[in-house]
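Report on the following structure.
Keep in mind that this is a model prediction, so the values were computed, not measured.
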Amino acid sequence: MVAALVAAGAEALEISKVQEGKLCALSFTYDDGVETHYTHALPLHLKYGLPGTFLIITDRVEAEGADRAHKYCSWTQLKEMSEKGMEVASHTKSHRNMREIESAGLTKEMTKGKKREELFAMREKNWPELLSEVTLSKEAIEKNCGNTVRTYAFGGNACPDWTGRLMGEVKGCVRAGNIRIATGRGDSEEKYRKQFEEKILVSNRVSCVMIHGIGTKTKNDGWNPIPDLETFESLFRIAKENAEKIHFDTFGNNAFYESRAGSVRLQKTGDGAFTLVPKAKDKEVSGEVWLRVAPSEKVSVNGKPATPNKYGAILVRVGDTVVSVP
């Protein structure tokens, strides 16, 4: 998805939605916080040098569960994962359905024919409980793991109407529409390769692999597990084979960069000159974004020659002036 495309002489500059100017971005995300994420997923992330985002249900940390999710990670394990570069993130406090919390106590008869504003007013009594699912989870993770919580996912990926309001309160992002590969029992390496080709590499945006169970074939492997460990590891092999095309990072890092890139534009300020400015004049935007530079284009940033990286991109900040050099 192109964020901005502007003429610069006969060529073009493009604000990249993906860090480094790569073709797309990908995050490995894990739901529920079962112990096999520590015992089996973490070692593979370290082996292949890929970050992961582990979404935990804070009420279940150190708990004994039922069925396939028999054992959950401990705070000690989660803190170690954070210290080793993984993102420990929120799958809410209790894993309750957030849409049901939002509309608790309201029937179809009560809401029939109501305008959107009226519906939100009727739901307001449920807001404190809805908010507590994310704030209490955030507080527990930050206290026990030491990392700032940036990413949230809701049980069943059921996003309430108040998702935007919730994320505004905690200054976070939601993993929802980014899921491109949802893993499970019927998976195979062949299917993964097909999904990479048809869903990941053509997206030009942030995508996710969503993983629950890993397939240790024990009662601890989690909900809807990948069939076996060999199939699980094939995800990492395929990912590394495409490392020149894909930017791998935690979901928080990928999503926050994509949001920043989408909030700026290139404003023409002269002949072949453009300044990076916020799209909305009343909003402040800070941080760096990548500009893809056409192969034959030479540019300077704030009067200094800029050399594109091997993906043909340069790094600029809001307020910088980019000039096409004849």
Side-chain angles (χ1 to χ4, degrees), residues 27 29-34 37 53-61 63 65-69 72-73 78 87-112 114-145 147-180 182-184 206-213 222-224 250-252 254-256 258-259:
S27 299
T29 68
Y30 297 80
D31 288 23
D32 300 339
V34 293
H37 294 169
T53 293
F54 294 82
L55 295 140
I56 65 168
I57 306 160
T58 49
D59 276 358
R60 299 183 190 177
V61 175
D67 302 321
R68 303 296 291 253
Y72 291 90
C73 287
L78 292 166
E87 179 183 28
V88 180
S90 171
H91 201 25
T92 72
K93 176 181 180 290
S94 69
H95 203 253
R96 291 172 61 194
N97 187 299
M98 296 289 274
R99 291 178 185 167
E100 292 179 357
I101 296 175
E102 181 180 60
S103 298
L106 302 179
T107 64
K108 289 183 179 180
E109 290 74 20
M110 294 168 65
T111 59
K112 185 177 180 180
K114 299 293 184 181
K115 295 180 180 179
R116 183 176 176 84
E117 295 77 12
E118 293 175 306
L119 287 174
F120 277 111
M122 295 171 70
R123 293 170 176 170
E124 189 65 36
K125 62 184 177 63
N126 297 324
W127 169 250
E129 187 172 2
L130 190 72
L131 179 62
S132 71
E133 281 290 323
V134 296
T135 56
L136 295 180
S137 175
K138 171 184 170 70
E139 290 168 7
I141 294 169
E142 293 182 348
K143 175 184 176 181
N144 288 282
C145 298
N147 64 274
T148 299
V149 177
R150 308 173 79 193
T151 300
Y152 297 80
F154 304 134
N157 292 306
C159 292
D161 289 341
W162 265 328
T163 295
R165 183 181 177 185
L166 287 168
M167 292 304 100
E169 289 281 346
V170 295
K171 296 179 173 58
C173 57
V174 171
R175 184 217 60 188
N178 309 76
I179 299 166
R180 293 291 179 274
T183 64
V206 177
S207 297
C208 289
V209 178
M210 181 178 68
I211 301 163
H212 285 82
W223 179 80
N224 193 22
T250 64
F251 182 76
N254 275 337
F256 271 79
E258 184 180 47
S259 176

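Considering N157, T53, N254 as possible partners of R175, the one that fulfils the side-chain hydrogen bond (donor to acceptor under 3.5 Å, both in side chains) test is N157.
Taking a cutoff of 4.0 Å between a charged side-chain nitrogen and a carboxylate oxygen, K138 and E142 qualify as a salt bridge.
In terms of heavy atoms, V174 sits closest to C159 at CG1-SG, 4.0 Å. The nearest pair of heavy atoms linking A158 to M98 is O-CB, 3.8 Å. In terms of heavy atoms, F251 sits closest to C208 at CD1-SG, 3.3 Å. The two atoms that bring C173 and F256 nearest to each other are SG-CE1, 3.6 Å, heavy atoms only. Pairing each heavy atom of I141 with each of A89, the nearest pair is CD1-O, 3.4 Å. Residues V149 and V88 come closest through the heavy atom pair CG2-O, 4.2 Å.
Looking at residues two or more places apart in sequence or on another chain, you find no side-chain hydrogen bond (donor to acceptor under 3.5 Å, both in side chains) involving N178. Listed by chain and residue number, nothing satisfies the salt bridge (Lys or Arg N to Asp or Glu O under 4.0 Å) test with E169 (two or more places apart in sequence, or in another chain). For E129, the side-chain hydrogen bond (donor to acceptor under 3.5 Å, both in side chains) partners are R96, not counting sequence neighbours. Applying the salt bridge (Lys or Arg N to Asp or Glu O under 4.0 Å) rule to E118 yields no partners; only residues at least two apart in sequence or on another chain are considered. Residues passing the salt bridge (Lys or Arg N to Asp or Glu O under 4.0 Å) test with E124 are R165, sequence neighbours excluded. Qualifying salt bridge (Lys or Arg N to Asp or Glu O under 4.0 Å) partners for R123, counting only residues two or more places apart in sequence or in other chains: E102, D161.
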Run the numbers on L78 and I56 for side-chain contact (heavy atoms from CB on, under 4.5 Å), then give the verdict. CA-CA 9 Å; L78 292 166; I56 65 168; 3.5 Å; yes
Is there a side-chain contact (heavy atoms from CB on, under 4.5 Å) between T58 and E139 once you walk through the steps? CA-CA 10 Å; T58 49; E139 290 168 7; over 6 Å; no
List the steps, then state whether side-chain contact (heavy atoms from CB on, under 4.5 Å) holds for I211 with Y30. CA-CA 5 Å; I211 301 163; Y30 297 80; 3.6 Å; yes
For L166 and F154, run side-chain contact (heavy atoms from CB on, under 4.5 Å): C-alpha distance rounded to whole Å, both residues' side-chain angles, the deciding distance at 0.1 Å, then the answer. CA-CA 12 Å; L166 287 168; F154 304 134; 4.2 Å; yes
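A tilted orientation is assigned to the rings of W162 and F120, their planes being inclined by 30° to 60°. Aromatic ring pairs are classed by plane angle as parallel below 30°, tilted from 30° to 60° and perpendicular above 60°; the pair H37 and F54 is tilted.
Under a 3.5 Å cut-off, the side chain of T163 and the backbone N or O of P160 do form a donor-acceptor pair. Counting only distance, with no hydrogens or angles, the side chain of S103 and the backbone of L106 share no donor-acceptor pair below 3.5 Å. Although no hydrogens or angles enter the test, the distance criterion places no donor-acceptor pair under 3.5 Å between the side chain of D32 and the main chain of H212.
The local environment of NZ in K171 is sparse, with at most 12 non-hydrogen atoms from other residues, nucleotides or ligands closer than 6.0 Å.
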